[in-house]
Amino acid sequence: ETTLVLEHGGADLFRRVMIGTERRKRTAGQHEERDGFYACKPALDLRYVFGQVRNGIAFLHDNDVAHMDLKLDNVVVDDLGTARIVDFGMARLEGRTPIRRSCGSRQYQSPQAFSRREFQPVHNDVWAFGIMVYCALNVTFAWQEGAIAGDKMYDIFVKHQREYAR
């Protein structure tokens, strides 16, 4: 029998950024009121939080591990602003070995993963990190999950990604 004991990591970044911001907008200045578990948390220093996430991703990649499912939901942040990357269920050793399969959540997938072209999983992590930052800064997703192919914003991202890759 095995027992695993973990500390409580806090609220996931999706709830802290996306839901918390919407709740703060609706309560117009009453952000200290705590009407629910995730409601109206104090503002996060996103530079600090994403700096920690960036360092965590760099550590993984330096050790040839790709998370393959990076998203706001898979980063927990405690009340002190300490970020932790969680949910390594799709993680892959040999993160620089090219693969040709879909991975992660569609709204965070790189164009290569979405189209099932060959790609290095660590590159998909970097793309997903960029989408996470975009979502946190704009408090919205870059595109809708069901409309990725043909979505104008997605097409712009892909076009610029292709130009950068040249």
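These numbers come from the heavy atoms of this one structure, side chains and all, not from hydrogens, waters or symmetry mates.
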Kindly give the heavy-atom pair with the smallest separation between [X] and [Y], and that separation in Å.
X      : Y      : value
Leu70  : Ile57  : CD1-CD1, 3.5 Å
Asp73  : Tyr108 : OD1-OH, 4.3 Å
Ala66  : Pro121 : CB-CB, 3.4 Å
Asn124 : Phe119 : CB-CE1, 3.8 Å
Ala136 : Phe50  : CB-CE1, 3.5 Å

ILVMFWY network linking Phe59 to Val126, side-chain heavy atoms under 4.5 angstrom:
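Result: no, two separate clusters.
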
According to a hydrophobic-cluster definition based on side-chain heavy atoms being under 4.5 Å apart (Ile, Leu, Val, Met, Phe, Trp, Tyr only), do Val133 and Val76 belong together?
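No: no chain of side-chain contacts under 4.5 Å links Val133 to Val76.
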
Just wondering, do [Y] and [X] contact through their side chains at under 4.5 Å, heavy atoms?
X      : Y     : answer
Leu60  : Phe88 : yes
Val65  : Glu94 : no
Phe129 : Val53 : yes
Cys135 : Val17 : no

List the steps and the verdict of side-chain contact (heavy atoms from CB on, under 4.5 Å) for Met68 and Ile99.
CA-CA 11 Å; Met68 296 185 58; Ile99 63 170; 3.7 Å; yes

Member of Arg16, Met132, Arg84 meeting the side-chain contact (heavy atoms from CB on, under 4.5 Å) criterion with Val75:
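Checked Arg16, Met132, Arg84 against Val75; only one passes side-chain contact (heavy atoms from CB on, under 4.5 Å): Met132.
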
With Arg96, which residues qualify under side chain to side chain contact (heavy atoms under 4.5 Å, CB included), at least two apart?
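Partners of Arg96 under the side chain to side chain contact (heavy atoms under 4.5 Å, CB included) test: His61, Asp64, Gln120, Val122.
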
Check side chain to side chain contact (heavy atoms under 4.5 Å, CB included) between Asp69 and all other residues, then give those that pass, not counting sequence neighbours.
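Partners of Asp69 under the side chain to side chain contact (heavy atoms under 4.5 Å, CB included) test: His67, Lys71, Asn74, Asp87, Met90, Ser105.
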
Looking at Asp45 and Arg47, would you say the former's side chain and the latter's main chain have a donor-acceptor pair under 3.5 Å?
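Pair found, side chain donor or acceptor close to backbone of Arg47.
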
Evaluate the criterion side-chain contact (heavy atoms from CB on, under 4.5 Å) for residue pair Leu13 and Val49; output intermediate values, then yes/no.
CA-CA 9 Å; Leu13 198 50; Val49 170; 4.1 Å; yes

